[in-house]
Amino acid sequence: MEKTTHFGYKQVDVEKKQGLVKEVFDSVAGKYDLMNDVMSMGTHRLWKNYTISSSNVKEGDHVLDIAGGTGDLAIKFRKKVGPSGKVILSDINESMLHEGRKNLINHGIIDVEFVQANAESLPFEDNTFDCVSIAFGLRNVTDKDAALKQMYRVLKKGGTLLILEFSKVENQMLEKAYDFYSFNLIPKFGEYFANDEDSYQYLAESIRKHPDQETLKAMVLDAGFEFCEFHNLTGGIVALHKAVKT
């Protein structure tokens, strides 16, 4: 019997999901930053700033940003680690890495390393990084448990994991308004600004299929971390999970 998983609200063969997600991000890569600003009304920048301020990253650290997209976090991490540190931006999608390179060059940053990699099988040695981050990427990973174990493996002892992701809204009235916005307006924004309604319909659906705050916290602990906490942002529309490898 074939194993299935969710792709938005659809059930698909496990082996097919990665390719379907690739098609989505190949389609949205060129408009990724614009659509993030449109969909969140710029709030994603505040969420990412909070993530950086929570990171404990210091000069000389080595940082891995998984599913780093167009490099928003990598740019900020590069400034924090200084000339003696190192930042690697990884993404499974070549189109997103291409956009990331362009964005960093436009910011005058040429010393971030780019690695095309699957979060489920990271090509790095054990105990390599002081910080591993993944922002708005975990929900697109097929085997999240495998990815979390890989993040644990490549972190140094005492290293920090940061997961910034859409989550479960706390307030019922806010949840209703957010659902209306997500399913009625976001796909239309995708059609208008990126000529791609279907991809943004998937993105809205993928948020609802992602584990809630407590479930994700339990998954992080099951991956080997002994400490994990989360902070809700914008009423739980987004949550930042922070874990430490002890």
K.L.:
Flag the pair Asn127 / Lys157 as yes when at least one side-chain heavy-atom distance between them is below 4.5 Å, and no otherwise.
P.N.:
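Not touching, per the 4.5 Å side-chain cut-off.
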
K.L.:
Which residue pairs satisfy the salt bridge (charged side-chain N to carboxylate O under 4.0 Å, His left out) criterion with at least one member in residues 122-150, sequence neighbours excluded?
P.N.:
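Matches after skipping sequence neighbours: Asp126-Arg153, Asp130-Lys156, Arg139-Glu165.
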
K.L.:
Starting at CE of Met96, measure out to CG of Asn103 and round the result to the nearest 0.5 Å.
P.N.:
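Separation between the atoms: 10.0 Å.
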
K.L.:
Extract all donor-acceptor atom pairs below 3.5 Å that involve side chains of residues 59-70 and protein atoms in other chains or at least two apart in sequence.
P.N.:
{"from": "Asp61", "atom 1": "OD1", "to": "Lys58", "atom 2": "NZ", "distance (Å)": "3.3"}
{"from": "Asp61", "atom 1": "OD2", "to": "Lys58", "atom 2": "N", "distance (Å)": "3.0"}
{"from": "Asp65", "atom 1": "OD1", "to": "Ser133", "atom 2": "OG", "distance (Å)": "2.8"}
{"from": "Thr70", "atom 1": "OG1", "to": "Asp33", "atom 2": "OD1", "distance (Å)": "2.5"}
{"from": "Thr70", "atom 1": "OG1", "to": "Asp33", "atom 2": "OD2", "distance (Å)": "3.3"}

K.L.:
If the condition is salt bridge (Lys or Arg N to Asp or Glu O under 4.0 Å), which residues does Asp72 pass it with, not counting sequence neighbours?
P.N.:
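With sequence neighbours excluded, Asp72 shows a salt bridge (Lys or Arg N to Asp or Glu O under 4.0 Å) to Lys48, given in chain and number order.
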
K.L.:
Working to the nearest 0.5 Å, report the span between SG of Cys131 and CG of Leu155.
P.N.:
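Going from the SG atom of Cys131 to the CG atom of Leu155 covers 7.5 Å.
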
K.L.:
Mind checking whether Ile207 and Tyr178 have side chains closer than 4.5 Å, heavy atoms only?
P.N.:
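Ile207 vs Tyr178: side chains touch.
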
K.L.:
Excluding sequence neighbours, so at least two apart, what forms side-chain contact (heavy atoms from CB on, under 4.5 Å) with Leu185?
P.N.:
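Counting only residues at least two positions away or on another chain, Leu185 forms a side-chain contact (heavy atoms from CB on, under 4.5 Å) with Tyr181, Phe189.
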
K.L.:
Go through the structure and list residues passing salt bridge (Lys or Arg N to Asp or Glu O under 4.0 Å) with Glu229, not counting sequence neighbours.
P.N.:
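By the salt bridge (Lys or Arg N to Asp or Glu O under 4.0 Å) rule, Glu229 matches no residue at all.
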
K.L.:
Just grab all the ring pair (Phe, Tyr, Trp, His ring centres under 6.0 Å) pairs involving residues 221-246, residues at least two apart or on different chains.
P.N.:
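Output for this query lists Tyr152-Phe225, Phe230-His241.
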
K.L.:
Could you list the residues that satisfy salt bridge (Lys or Arg N to Asp or Glu O under 4.0 Å) with Lys79, not counting sequence neighbours?
P.N.:
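Partners of Lys79 under the salt bridge (Lys or Arg N to Asp or Glu O under 4.0 Å) test: none.
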
K.L.:
Hey, could you give me each pair passing salt bridge (charged side-chain N to carboxylate O under 4.0 Å, His left out) that has a residue in residues 237-246? Not counting sequence neighbours.
P.N.:
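Pairs touching residues 237-246 that pass the test: none.
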
K.L.:
Going by atom types alone, do Gln201 and Glu197 pair a side-chain donor with an acceptor below 3.5 Å?
P.N.:
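Gln201 vs Glu197: no donor-acceptor pair found between side chains.
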
K.L.:
When you compare the side chains of Asn49 and Lys76, does any donor N or O come within less than 3.5 Å of an acceptor on the partner?
P.N.:
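Their side chains do contain a donor-acceptor pair, which is all the 3.5 Å distance test asks for.
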
K.L.:
Any donor-acceptor pair under 3.5 Å linking the side-chain atoms of Asp212 with those of Thr215?
P.N.:
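Note: Thr215 and Asp212 side chains meet the donor-acceptor criterion.
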
K.L.:
Indicate whether any N or O donor in one side chain lies under 3.5 Å from an N or O acceptor in the other, for Asp91 and Gln116.
P.N.:
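Note: Asp91 and Gln116 side chains miss the donor-acceptor criterion.
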
K.L.:
Do the charged groups of Glu99 and Lys102 touch, with an N to O distance under 4.0 Å?
P.N.:
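Yes, this pair counts.
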
K.L.:
What is the distance from atom OG1 of Thr128 to atom NZ of Lys86, rounded to the nearest 0.5 Å?
P.N.:
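Answer for the OG1-NZ pair, Thr128 versus Lys86, is 9.0 Å.
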
K.L.:
If you group Ile, Leu, Val, Met, Phe, Trp and Tyr by side-chain heavy-atom gaps below 4.5 Å, do Met151 and Leu164 land in one group?
P.N.:
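Hydrophobic grouping puts Met151 apart from Leu164.
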
K.L.:
Does Arg78 pair with Asp111 as a salt bridge, N-O distance under 4.0 Å?
P.N.:
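Result for this pair is yes, salt bridge flagged.
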
K.L.:
Going by side-chain contact (heavy atoms from CB on, under 4.5 Å), name the residues that satisfy it together with Ser53, two or more places apart in sequence or in a different chain.
P.N.:
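side-chain contact (heavy atoms from CB on, under 4.5 Å) list for Ser53, sorted by chain: Tyr50.
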
K.L.:
With clusters built from Ile, Leu, Val, Met, Phe, Trp and Tyr whose side-chain heavy atoms come within less than 4.5 Å, directly or transitively, what are the remaining members of the cluster of Leu46, listed by chain and number?
P.N.:
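Besides Leu46, the cluster holds no residue at all.
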
K.L.:
Considering residues at least two apart in sequence or located in another chain, which fulfil the side-chain contact (heavy atoms from CB on, under 4.5 Å) criterion with Ser121?
P.N.:
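Expected list: Asn118.
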
K.L.:
Is there a donor-acceptor contact under 3.5 Å linking the side chains of Arg45 and Ser40?
P.N.:
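Short answer, no.
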
K.L.:
Regarding Asp196 and Tyr202, do their side chains bring together a donor and an acceptor under 3.5 Å, going by distance alone?
P.N.:
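On atom types as modelled, these side chains do not qualify, holding no pair under 3.5 Å.
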
K.L.:
Could you list the residues that satisfy side chain to side chain donor-acceptor pair (under 3.5 Å) with Ser55, not counting sequence neighbours?
P.N.:
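Here no residue qualifies.
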
